[in-house]
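Shown next, in structure tokens, is the structure this report addresses.
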Amino acid sequence: MPTEVFGAGGIATEPSYRPQGFRFLWYALGGSLPERNRTWVLHDTTCRTWLLRHFARTMLIIVPVLVLYLAFLPTSLPIRLLTGLTFSGGVFLFSLVNILVDSDRRAVRAGYPSGLVADLRSTRSNDHHRLANYQRRERIAHRRSRRSGRA
């Protein structure tokens with residue numbers, strides 16, 4: 001299994017296949033995906049919206065349990081609502097605390113070495129900051145040249 005799936009410029013060198021239907025639901029609930037989807041798993045754990053994806057997967061687990069709890073517990077509604085929201089908040093907080101471990105675990109199960117996800121996100125973040133700094137310097141230089149041309 002190759003561990004490097006991105007070539008020059010961060011372009012994927014292997015095709016990426018998003019899981020469909022039941023496999024996607026299985027992945028969202030914490031299951032593994034077949035070899036065919038390994039590049040997509042790396043994309044899922046390193047893309048710009050990886051945090052939102054993680055919390056969407058967490059909500060996919062929390063919301064049905066909360067709805068069942070609110071619908072079928074025989075106590076009064078205020079007590080059900082308070083305990084249900086407290087439990088859901090605790091699970092959500094647990095998910096937040098373990099977000100880095102969970103994303104790394106998903107990539108390891110897809111066949112990537114431990115720590116690759118964090119390294120890719122760090123590299124992309126550094127590249128983004130360098131580009132933003134370069135663009136900011138270019139804008140400042142352009143403004144200075146316009147001002148010196150008027151004077």
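- Remark: the backbone N or O of Leu131 is not paired with any side-chain donor or acceptor of Arg136 at under 3.5 angstrom.
- We find the CD1-CD distance between Ile140 and Glu138 to be 10.0 Å, quoted to the nearest 0.5 Å.
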* To do: Could you check Phe87 against Val91 for side-chain contact (heavy atoms from CB on, under 4.5 Å), going step by step and ending with a plain yes or no?
  => CA-CA 6 Å; Phe87 175 76; Val91 172; 3.7 Å; yes

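- Here OG of Ser88 is found 9.5 Å from CG of Leu81. Values are rounded to the nearest 0.5 Å.
- Contact detail for Ala107 and Thr45: the closest heavy-atom pair is CB-OG1, 4.4 Å.
- Salt bridge status for Asp127 with Arg130: present, with a side-chain N to carboxylate O gap under 4.0 Å.
- With sequence neighbours excluded, the residues that form a side chain to side chain contact (heavy atoms under 4.5 Å, CB included) with Ser122 are Asn126.
- Rounding to the nearest 0.5 Å gives a distance of 12.5 Å between CG of Asn37 and CG of Leu42.
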Side-chain donor-acceptor pairs of residues 17-28 under 3.5 Å, sequence neighbours excluded:
| from | atom 1 | to | atom 2 | distance (Å) |
| --- | --- | --- | --- | --- |
| Gln20 | NE2 | Arg18 | O | 3.3 |
| Trp26 | NE1 | Ser32 | O | 3.4 |
| Tyr27 | OH | Asp44 | OD2 | 2.6 |

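- Between the OG1 atom of Thr39 and the OH atom of Tyr112 there is a distance of 4.0 Å, given to the nearest 0.5 Å.
- Under the side chain to side chain contact (heavy atoms under 4.5 Å, CB included) criterion, Asp119 pairs with no residue at all, not counting sequence neighbours.
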Would you tabulate the side-chain donor-acceptor contacts of residues 62-73 under 3.5 Å, counting partners in other chains and residues two or more places apart, or write 'none'?
| from | atom 1 | to | atom 2 | distance (Å) |
| --- | --- | --- | --- | --- |
| Tyr69 | OH | Thr83 | OG1 | 2.4 |

* To do: Evaluate side-chain contact (heavy atoms from CB on, under 4.5 Å) for Arg38 paired with Leu33, printing each intermediate quantity in order.
  => CA-CA 7 Å; Arg38 75 186 295 266; Leu33 290 175; over 6 Å; no

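- If you chain together hydrophobic residues whose side chains sit under 4.5 Å apart, Met59 and Trp50 fall into the same group.
- Put simply, CD1 on Ile99 and CG on Leu51 are 4.5 Å apart, with the number rounded to the nearest 0.5 Å.
- The list of ring-ring contact (aromatic ring centres under 6.0 Å, His included) pairs with a residue in residues 122-147, not counting sequence neighbours, is empty.
- Listed by first and then second residue, the side chain to side chain donor-acceptor pair (under 3.5 Å) pairs that reach into residues 89-108 are His54-Ser95, His54-Asp102, Thr58-Ser95, Asp102-Arg105, Asp102-Arg106, Ser103-Arg121, Asp104-Ser114, sequence neighbours excluded.
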